[in-house]
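Working notes, structure below.
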Amino acid sequence: MTPVKEEPPRALLATSSRRWVRALPWALAFVLAVSLLPTTIVVLTADYGLNGAVAAGLAVGQAAPLLLAVARPLRAWCVVFVADVAGAVALLGVDFEERLLWPFPPPGLVGYVALCLALGLRERRRTLLLVWLATAAANVGLGFVAPHGVGAQELLLTILGGVALLLGGALRERYEVQRRLAEQETISEAERARRTLLEERARIARELHDVVAHHMSVITVQADTAEYRLPGLPPDVRGEFTTIASTARESLGEMRRLLGVLRSEEARGELGPQPGLTQIGQLVEATARAGGPVDYSPCEGEGEGDVSVPDAVGLSAYRIVQEALANVVRHAPGAPTRVSLTLSQSRSQPDPDPGREPQPEPEGDRDGRLLTVLVVNGPPPRPPGRPLEAGGGTGHGLVGMRERVRLVGGTLDVGPLPDGGFRVAARLPVSGAPGATQAPGETGAPGESGAPRETEAPGATGTNREIGETGETRETGEPGETSETGATRATGETGGDFT
């Protein structure tokens, strides 16, 4: 058998993050021991008339173990308890005044009560009960040989020791309850973040189902009608088209079953088509009617509807703008907001916000086109008393934006501005976006359709997060901004530890 090493006991408040808190028990024990050592000698020799050598030995036995009580209070109690009982027996051999305390002089009483308090902060209820019973038994046993009769003062050590044990035990149990609650809150927060991430991914998957199902339906129709649209096809080619149509229909059925698994009980089926770049203008107009000035700059051309991008990229751009505008309404109502869409070649992509540091290009589209989505809001005219609730936010804030950018292999840059505003900038690769479906007439480069591999565990938060191979997700916001754009959640601070 492998011997199990016993961990050295930790001192009181040893787990505190503050150095002075960790040193406080040692300082108190040192001051108490140094004070009680000469005081005990003087009291035993001058007041009680005890021999000096005996008084010095008893003083060392009653005061010195108080230093050990910081880390091993039970062992210190054993030494002090024996020294106190021995001192009481030694005082039976001298003649002292009746007014003086017996069996435990005042210096020994102070040290014993302090030791009981340290015991209460460290030991279990059963141990504390045994310590108090031993103290009471010693008090009662010495009472039978009291030189001046038994009075209430003979029970003073039992009463004060019991109070100290009870107080220390109550403080320890209160601290344990607080520590367990803090641990449960930490676990609950991690589970909540993980659940939010999974819910957002499932919601994105449900939306992408419509995009993929549309293209699968087109494949099915084209394969079924190929023999009528293209006369003179050989029989083997017609059979190939029939097989393609049958496989596509089976895939559509499997996708419907998959959608049933992804859909939650609270989710309602959406009968309308998924939005894209064309609907961003309507979204901006609705936000402007709600009371916030919004400046919208669509992609260059006659309109964003004329810009051909994959459906997944258009959907991601729409949802990012939707969440950003919803959070502006919640946390900065009335703030001037600028929304811009820019589509250009990645190597000639201008920085939409010169005030920010240039961001790295997505790895999967260095030679293709990039769709840059920029939402910048200024400070609100007046700080809101509390976040406003507004319809239109359909996701989980930054978590949803991050997942949508990761889906297409782009980059995300979010963070507060020096003037009190907030900035959301997403760069989405258009050609060869991972997992995206090409728009009609577009062909992606071979090998550019693989999904990005995430190098960080699901649910993790923080800054400078990287998504491997095909793109990265970057955040410049302060840690703690995990759910709402512009909202900063303060983190609490835990106190010291009794153990």
Side-chain angles (χ1 to χ4, degrees), residues 9 11-13 24-26 28-37 39-40 43-44 47-48 55 58-92 96 99-176 498-499:
L12 291 173
L13 306 180
L24 182 62
W26 295 101
L28 293 177
F30 178 78
V31 171
L32 194 60
V34 171
S35 302
L36 290 179
L37 184 60
T39 303
T40 303
V43 170
L44 291 180
D47 294 343
Y48 288 84
L58 292 175
V60 171
Q62 294 175 3
L66 295 178
L67 294 173
L68 180 64
V70 177
R72 300 178 182 270
L74 190 58
R75 295 186 181 183
W77 174 83
C78 294
V79 177
V80 172
F81 181 75
V82 173
D84 284 346
V85 174
V89 174
L91 291 178
L92 292 176
F96 56 90
R99 63 180 180 84
L100 298 177
L101 288 177
W102 187 91
F104 306 107
L109 192 63
V110 172
Y112 193 85
V113 171
L115 183 58
C116 288
L117 182 60
L119 274 171
L121 294 175
R122 289 295 297 271
E123 303 298 332
R124 297 174 299 176
R125 289 184 179 181
R126 180 180 178 182
T127 302
L128 300 182
L129 180 60
L130 293 177
V131 167
W132 184 81
L133 289 177
T135 304
N139 246 173
V140 173
L142 292 172
F144 289 107
V145 293
H148 305 295
V150 179
Q153 62 181 8
E154 275 72 19
L155 300 177
L156 192 59
L157 183 66
T158 302
I159 297 174
L160 294 180
V163 171
L165 291 173
L166 184 62
L167 178 61
L171 291 176
R172 179 183 59 82
E173 292 185 359
R174 180 176 179 271
Y175 166 77
E176 286 293 328
F498 285 140
T499 55

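Position 1 is the first residue of the sequence, and the numbers go up from there. Note that the structure is a prediction, hence the values are computed from the model and not measured.
Between Leu101 and Tyr48, the closest side-chain pair of non-hydrogen atoms falls below 4.5 Å. Counting only heavy atoms from C-beta outward, the side chains of Val113 and Leu117 never approach each other to under 4.5 Å. In this structure, the side chains of Pro73 and Glu123 come closer than 4.5 Å at one or more pairs of heavy atoms. Side-chain contact check for Asp47 versus Pro105: every heavy-atom pair is 4.5 Å or farther apart. Contact of the Thr39 side chain with the Val43 side chain is registered, since non-hydrogen atoms from C-beta on lie closer than 4.5 Å.
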Kindly list each side-chain donor-acceptor pair under 3.5 angstrom involving residues 132-142, sequence neighbours excluded, with atom names and distances?
from	atom 1	to	atom 2	distance (Å)
Trp132	NE1	Thr158	O	3.2
Thr135	OG1	Tyr112	OH	2.4
Thr135	OG1	Val131	O	2.9
Asn139	OD1	Thr158	N	3.3
Asn139	OD1	Thr158	OG1	2.5
Asn139	ND2	Glu154	O	3.0

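For Ala59, the side-chain contact (heavy atoms from CB on, under 4.5 Å) partners are Leu37, Thr40, Ile41, not counting sequence neighbours.
For the atom pair CD of Gln62 and CG of Leu36, the computed distance is 9.0 Å after rounding to the nearest 0.5 Å. Summarising the geometry, atom CZ belonging to Arg124 is positioned 12.5 Å from atom CG belonging to Leu129; distances are rounded to the nearest 0.5 Å. Here the CG-CG distance, from Leu44 to Leu91, works out to 6.0 Å after rounding to the nearest 0.5 Å. Here Leu121 contributes atom CG and Leu165 contributes atom CG; the two are 10.0 Å apart, rounded to the nearest 0.5 Å. The CG atom of Leu160 sits 12.0 Å away from the CZ atom of Phe104 when rounded to the nearest 0.5 Å. The CG atom of Leu157 sits 7.0 Å away from the SG atom of Cys116 when rounded to the nearest 0.5 Å.
Summarising the geometry of Ala69 relative to Ala118, their closest heavy-atom pair is O-CB, 4.3 Å, with the distance given to 0.1 Å. In terms of heavy-atom proximity, Phe96 sits nearest to Pro147 at CZ-CG, 3.8 Å. The heavy-atom pair separating Arg125 from Arg172 by the smallest distance is N-NH2, 4.0 Å. Of all heavy-atom pairs between Ala76 and Pro65, the closest is CB-O, 3.2 Å. What you find for Leu58 and Ala90 is that their closest heavy atoms are CD1-CB, 4.3 Å.
A side chain to side chain contact (heavy atoms under 4.5 Å, CB included) with Leu74 is found for exactly one of Leu115, Leu130, Leu119, namely Leu119.
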